[in-house]
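One structure below.
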Protein chains: 2
Amino acid sequence: MATPLVTTRTSKGKQDPAPRGNSMNLVFHEIREMIVRGKLSPGTWIIEADLADRLGYSRTPVRGALHWLQREGYVMASGNGTKSRMTVAPLTKEDAQELYSIIGHIEGLGARLTAQLAPAKRNKLIRRLTELNEGLFDLAKARRRDPNRIFDLDMSFHSEIMEASAGPRLLELHKSTQPQAERYWRLYASAILDELGTSVEEHNEIIRAISNGEPDAAEKGIQLNWENGAERLSRVIDTIGERGSW
Amino acid sequence: MATPLVTTRTSKGKQDPAPRGNSMNLVFHEIREMIVRGKLSPGTWIIEADLADRLGYSRTPVRGALHWLQREGYVMASGNGTKSRMTVAPLTKEDAQELYSIIGHIEGLGARLTAQLAPAKRNKLIRRLTELNEGLFDLAKARRRDPNRIFDLDMSFHSEIMEASAGPRLLELHKSTQPQAERYWRLYASAILDELGTSVEEHNEIIRAISNGEPDAAEKGIQLNWENGAERLSRVIDTIGERGSW
DNA sequence: TCTCTTTTTATTGTATACAAACGTGAATCC
DNA sequence: GGATTCACGTTTGTATACAATAAAAAGAGA
């Protein structure tokens with residue numbers, strides 16, 4: 001009765017988190033992180049085998065993850081048909097504009113729904129949003145600003161609005177779209193931080209609209225926030241230049 | 001530009017144009033077609049091996065296609081983590097409502113952009129839209145109405161608006177979202193047809209708004225069209241009952 | 001007969017092997 | 001010397017084999 005006390009899960013590097021089950025998800029997140037943090041710069045040719053080696057998995061989950069990433073817009077299939085090669089999606093001003101516009105509309109729909117929630121739920125949300133926005137406000141005035149913290153707060157602000165009222169489909173859409181804005185964020189964070197105050201004010205207007213139960217205003221408010229975000233980003237890109245859009 | 005839409009491929013045989021290259025795409029379309037046409041009814045347990053056998057491919061492309069279909073909402077991964085089982089996504093009234101609302105907003109953004117196009121381009125589009133809508137009008141009055149034809153016309157109408165001005169991201173989003181409405185369409189087509197006239201009128205308003213270059217009105221118009229569509233659909237579901245949402 | 005344990009089975013996740021396709025470079029022929 | 005062809009290497013697409021696991025079935029003990 002040789003009960004294998006410890007199933008020695010050899011090699012594969014990652015012994016701690018959850019190698020059992022689906023490692024494709026892990027690979028997906030790892031690669032996405034690489035792309036978002038810029039370790040895989042835009043335009044890079046992706047070769048499955050290399051990535052697989054580097055991550056310590058086989059090609060199969062890497063391949064799956066890549067398809068996933070493609071569907072979410074992180075990588076592009078260049079050659080069509082027989083010999084499709086994948087590259088990391090480039091970051092361009094046009095793309096940023098379109099992306100932000102889309103997110104604005106998705107969240108706009110969420111904000112609209114949220115503004116129609118029952119007052120009780122709305123109040124609870126409002127408290128949370130105010131709290132988050134005050135955090136942003138404080139950071140905006142602070143001398144040493146931590147981009148990560150700011151990003152987290154801002155992202156939470158928007159996610160909170162969505163989670164309050166969006167259905168599964170809309171939520172899924174949002175969850176798959178928003179992280180892509182993170183790429184632009186990180187790349188140009190330093191320059192965007194200066195205009196944090198403006199964003200805080202826009203947030204206040206959103207809070208007001210939701211609080212008063214004005215769907216139209218809430219939708220418009222969030223759309224404006226993203227529109228202006230794109231605007232700010234565009235200015236920065238113009239001065240710094242597009243990075244890695246060769 | 002003709003929309004190929006349905007290429008009734010029943011035999012995966014040898015003589016078909018491109019078994020070479022990516023058969024995953026073929027499998028994807030085949031399975032999606034099965035789901036959309038109801039050959040795989042909602043709630044069905046999907047087993048990769050069976051599907052692979054039935055389609056004459058190996059599990060690998062089937063697996064890839066299934067992940068794709070999952071991302072697009074046709075199938076759901078039920079069991080989480082280790083043993084995720086896939087089922088055909090059910091059709092429910094709530095889902096329809098959410099889906100239609102999302103499409104309405106996506107297309108709303110497209111319509112807004114389209115309404116801001118240069119007059120020359122706009123006029124060309126307007127002619128095409130009018131033509132399509134007149135086709136619908138004729139069909140609405142006809143005695144024997146072909147659901148397929150109606151669906152194609154309606155879908156073309158909406159796609160045309162998007163393709164006129166949407167960027168790659170928005171277009172991709174639309175292309176992956178709209179087909180899901182087809183499931184509801186086909187399931188309840190017979191009952192929806194009666195209200196075709198109303199939809200034609202809504203289309204006319206959209207055309208008017210685009211023609212006059214009124215972004216707000218165009219966006220609202222399309223949103224209304226989808227909202228009312230969901231409304232009509234809901235009524236039908238209420239009387240016929242949800243099919244396969246067990 | 002009921003319940004607890006053990007074995008079997010069904011099905012997915014992962015790794016690997018193989019084949020096709022495209023690009024590249026060298027060698028040969030005119 | 002230039003062009004053409006052929007062979008090879010790199011990389012993806014596909015098939016299959018293997019491992020792991022959850023569910024089901026069978027069996028044993030009370």
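Labels below follow one simple rule: chain letters A, B, ... track the order of the sequence lines, proteins then strands, and each chain is numbered from 1. Hydrogens, waters and symmetry mates are skipped; everything else that's a heavy atom, side chains included, is used.
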**OP:** Under the ring-ring contact (aromatic ring centres under 6.0 Å, His included) rule, collect the residues that match up with Tyr100(B), sequence neighbours excluded.
**Re:** Trp226(B)

Specify the separation, in whole Å, of atom [atom1] of [X] and atom [atom2] of [N].
X	N	atom1	atom2	answer
His67(A)	dT12(D)	NE2	P	11 Å
Arg59(A)	dA15(C)	CZ	P	12 Å
Gln70(B)	dT12(C)	CD	P	13 Å
Phe28(A)	dG13(C)	CZ	P	16 Å
Leu66(A)	dG13(D)	CG	C1'	14 Å
Leu26(B)	dG13(D)	CG	P	13 Å
Met86(B)	dA10(C)	CE	P	21 Å
Trp45(A)	dT11(D)	CH2	P	11 Å

Of the options [options], whose atoms approach the side-chain atoms of [X] most closely?
X	options	answer
Met24(B)	dT14(C), dT14(D), dG13(D)	dT14(D)
Ile47(B)	dT11(C), dG13(D), dG13(C)	dT11(C)
Pro61(B)	dT12(D), dA15(D), dT16(C)	dA15(D)

Between [N] and [X], is there an OP1 or OP2 to side-chain N/O distance shorter than 4.0 Å?
X	N	value
Arg63(B)	dG13(C)	yes
Ser23(A)	dG13(C)	no
Ser58(A)	dT16(C)	no
Ser84(B)	dG13(C)	yes

**OP:** May I ask you to say what Ile46(A) touches in the nucleic acid, namely base, sugar-phosphate or nothing, with a heavy-atom cut-off under 4.0 Å?
**Re:** sugar-phosphate

Between protein and nucleotides 23-25 of chain D, what N or O pairs are separated by less than 3.5 Å?
none

**OP:** Would you sort out whether His158(B) and Asn225(B) count as a side chain to side chain contact (heavy atoms under 4.5 Å, CB included), showing the intermediate values?
**Re:** CA-CA 10 Å; His158(B) 291 267; Asn225(B) 185 220; 3.1 Å; yes

Original post:
Can the positive tip of Arg183(B) be found less than 6.0 Å from the middle of the six-membered ring of Tyr74(B), inside 45° of the ring normal?
Top reply: no

Original post:
Counting distance only, does the side-chain N/O of Ser23(A) pair as donor-acceptor with the main-chain N or O of Leu26(A) below 3.5 Å?
Top reply: no

Original post:
Between the side chain of Arg186(A) and the main-chain N/O of Arg37(A), is any donor-acceptor distance below 3.5 Å?
Top reply: no

Subject >> Salt-bridge contact Arg71(A)-Glu72(B) (side-chain N to carboxylate O under 4.0 Å) >> reply: yes

Original post:
Does the side-chain hydrogen bond (donor to acceptor under 3.5 Å, both in side chains) test come out yes or no for His174(A) and Glu107(A), once each step is laid out?
Top reply: CA-CA 7 Å; His174(A) 182 248; Glu107(A) 288 192 1; 2.7 Å; yes

